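Comments concern the structure below.
Remember, it's 1-based here, ligands and their atoms both numbered in the order they're listed. Values below: every heavy atom of this structure, side chains too, minus hydrogens, waters and symmetry copies. Predicted model, so just to flag it, every value in this text is computed and none were measured.
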Amino acid sequence: MSMLRQLSLFVRKRIPNRARFWLRLAHHAVHRGQASQPLTREMVADCRVCASRRELLKELPQNGKVVEVGTHRGDFAEQILEICNPAELHLVDLDFSFLKPSVRNDARVKLLPGYSHEALSALPDAQFDWIYIDADHTYASTKRDAEAAAAKVKPGGYLVFNDFAHVDPYLGAYGVHRAVIDFARENGWAFAWFAFEPNALYDVALKRR
Ligand SMILES: C[S@@+](CC[C@H](N)C(=O)[O-])C[C@H]1O[C@@H](n2cnc3c(N)ncnc32)[C@H](O)[C@@H]1O
């Protein structure tokens, strides 16, 4: 990882909320939003809706092999461990310094430090029941993570994306919405689950055919 990238991540994680607001406002003044491509009828024919990403965990394969890409403190990893009881939970992050000891020390957890797309590429093909993508939320990184993760999921398994949105109520801008739809259209993955979130930062699960 380049020193510059590491430094930028370190600084971004520690910016106070007020400064973050003004930086994001400046970002919106410079960059224009871009809509996603439309969905086809076939892409959502079997899609179901659930109340939250916690509820979604109850619908995803249990006792399997799981990857979470982007873990931070381990809040969602903790829920995955509790609800899905995975045989293995691989956690990918550039920086594990915030990770809770309860997650770090769980025998089912394996830590994979490094860039998300590189860590994903090093995993064996068709081994994982589902992979959760929640690292860098730019269009390019989300698409690259989706493409690196796709071959790692078993046939019938899932790629799940957090923050399926263009923008959040605190002015954060995401490329996740466009990246997920482009990935699904280009690779023939169908939408299987849509999980509600009060800030409209939805989770979506795509199913590998
Ligand atoms: C939104 S947080 C993850 C939150 C976690 N999934 C949860 O719901 O509790 C995003 C994490 O992704 C990591 N990250 C950002 N860009 C990354 C990259 N290119 N490769 C690996 N990790 C990255 C950050 O260090 C951060 O810890």
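- With salt bridges taken as basic N to acidic carboxylate O contacts below 4.0 Å, one links Glu55 and Lys58.
- Distances below 4.0 Å separate heavy atoms of Glu68 from the following atoms of ligand 1: 5 (C), 6 (N), 7 (C).
- Nearest residue to atom 16 (N) of ligand 1 from Val92, Asp136, Ile80, Leu91 is Asp136 (criterion: closest heavy atom).
- Here atom 24 (C) of ligand 1 lies nearest to Asp93 when heavy atoms of Leu99, Val69, Asp93, Thr71 are compared.
- Polar contact check, Asp95 against ligand 1: no nitrogen or oxygen pair lies under 3.5 Å apart.
- Shown in contact with Phe76 at under 4.0 Å from a heavy atom are these atoms of ligand 1, numbered in order with element: 7 (C), 8 (O), 9 (O).
- For the pair Phe21 and Tyr170, the minimum side-chain heavy-atom distance is 4.5 Å or more.
- Checked by distance only, ligand 1 and His72 come closer than 3.5 Å through their nitrogen or oxygen atoms.
- Applying the side chain to side chain donor-acceptor pair (under 3.5 Å) criterion to Thr142, with sequence neighbours excluded, gives no partner residue.
- By the 6.0 Å and 45° rule, Arg73 does not stack over the aromatic ring of Phe98.
- Taking the six-membered ring for Trp, Phe128 and His90 have ring centres closer than 6.0 Å.
- Remark: distances from the non-hydrogen atoms of Ala77 to ligand 1 are all 4.0 Å or more.
- Residue contact check: Gly114 has heavy atoms under 4.0 Å from atoms 20 (N), 21 (C) of ligand 1.
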Inset, instruction - Could you give me the CA-CA distance, side-chain angles and deciding distance for Glu78 and Lys100, then say whether salt bridge (Lys or Arg N to Asp or Glu O under 4.0 Å) is met? - result: CA-CA 9 Å; Glu78 202 165 48; Lys100 302 174 181 189; 2.8 Å; yes

Legend entry - Criterion side chain to side chain contact (heavy atoms under 4.5 Å, CB included) on Leu159 and Trp130, from CA distance to verdict: CA-CA 6 Å; Leu159 276 184; Trp130 54 278; over 6 Å; no

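- Numbered from 1 in the order shown, with element, the atoms of ligand 1 that lie under 4.0 Å from a heavy atom of Tyr115 read 19 (N), 20 (N).
- Within the 4.0 Å heavy-atom shell around ligand 1 one finds Arg53.
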